[in-house]
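Data block below; observations after.
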Amino acid sequence: MKVLHQSQFFTSYQCDKQRCFFIEFPHKTIQLGFCQFLAFRQQVKEIDLDSHFNGQNSHGLEMLMLCNRQHFFVFNTLECIDLKEFITGSFAMLELNSLLTTSV
């Protein structure tokens, strides 16, 4: 298992042997297939950070449910910012790794 990307709060791993991904959250590590990882990326993209700062999201929390309601997470504003950067970085590294392995 190799580290794909790491941020302040999150770490993603790619496991070639099991053909899956792992995301390490502060209190939990979950296993995702590629389709689940894509679905998670879509959920993260839909988080509206502007609402955290313009008063529409006064509590400053986002709730995400993953893997057919198997995992439930609550993120604060700081974690949401980091999560968006983390997902972008994870998929950038995934794409870079796939380019490197296909060119060898």
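FYI, side chains are in, hydrogens and waters are out, and symmetry mates aren't considered; it's all heavy atoms of this structure. Computed from a prediction, not measured in an experiment: that's the story for all the values here.
In this model, a donor atom of one side chain and an acceptor atom of the other lie less than 3.5 Å apart for His52 and Thr77. Donor-acceptor pairing under 3.5 Å is recorded for the side chains of His59 and Asn57.
Judged by distance alone, with hydrogens and angles left aside, the side-chain atoms of Ser51 form a donor-acceptor pair with the main-chain N or O of Asp48 at under 3.5 Å. Under a 3.5 Å cut-off, the side chain of Lys17 and the backbone N or O of Met1 do not form any donor-acceptor pair. In this structure a side-chain-to-backbone donor-acceptor pair under 3.5 Å is missing from Asn76 to Leu61.
Atom CD in Gln36 sits 7.5 Å away from atom CD in Gln70 (nearest 0.5 Å). One finds the CD atom of Gln31 at 5.5 Å from the CD atom of Gln18 (value rounded to the nearest 0.5 Å). Rounding to the nearest 0.5 Å gives a distance of 11.0 Å between OG of Ser12 and CD1 of Ile30. Taken from CZ in Phe73 to CG in Leu64, the straight-line distance is 8.5 Å, to the nearest 0.5 Å. Lys2 NZ to Gln14 CD: the interatomic distance, rounded to the nearest 0.5 Å, is 5.0 Å. One finds the OG1 atom of Thr29 at 9.0 Å from the CZ atom of Phe22 (value rounded to the nearest 0.5 Å).
Side chains of His71 and Met65 form no contact here, defined as non-hydrogen atoms less than 4.5 Å apart. The closest side-chain heavy-atom distance from Leu32 to Cys20 is not below 4.5 Å. Within the 4.5 Å cutoff, side-chain heavy atoms of Ile47 are placed close to those of Lys84.
Under the 4.5 Å side-chain heavy-atom criterion for Ile, Leu, Val, Met, Phe, Trp and Tyr, Leu66 and Leu38 are members of the same hydrophobic cluster. Clustering ILVMFWY residues whenever any of their side-chain heavy atoms sit less than 4.5 angstrom apart, transitively, puts Leu94 in a cluster other than the one holding Val3. With hydrophobic clusters built from ILVMFWY side chains whose heavy atoms lie under 4.5 angstrom apart, Leu96 shares a cluster with Phe91. Put simply, Phe34 and Met93 are part of the same group of oily side chains (I, L, V, M, F, W, Y) that touch within less than 4.5 Å, one to the next.
Nearest heavy atom pair, residue Glu79 against residue Pro26, reads OE2-CG, 4.5 Å. Smallest separation of non-hydrogen atoms from Leu4 and Phe37: CD2-CE2, 4.4 Å.
Ring geometry, Phe86 versus Phe10: the interplanar angle falls from 30° to 60°, so the pair is classed tilted.
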For this session: Would you sort out whether Phe9 and Leu78 count as a side-chain contact (heavy atoms from CB on, under 4.5 Å), showing the intermediate values?
Result: CA-CA 9 Å; Phe9 297 108; Leu78 202 59; 4.2 Å; yes
Exercise. Can you list the steps and then say if Phe21 with Tyr13 is a ring-ring contact (aromatic ring centres under 6.0 Å, His included)?
Worked result: CA-CA 6 Å; Phe21 301 90; Tyr13 302 92; over 10 Å; no
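Environment of CG in Asn54: crowded, with over 12 heavy atoms of neighbouring residues, nucleotides or ligands closer than 6.0 Å.
Figure legend: Lys45 and Phe40 shown without cation-pi pairing, the cationic atom not lying both under 6.0 angstrom from the six-membered ring centre and within 45 degrees of its axis.
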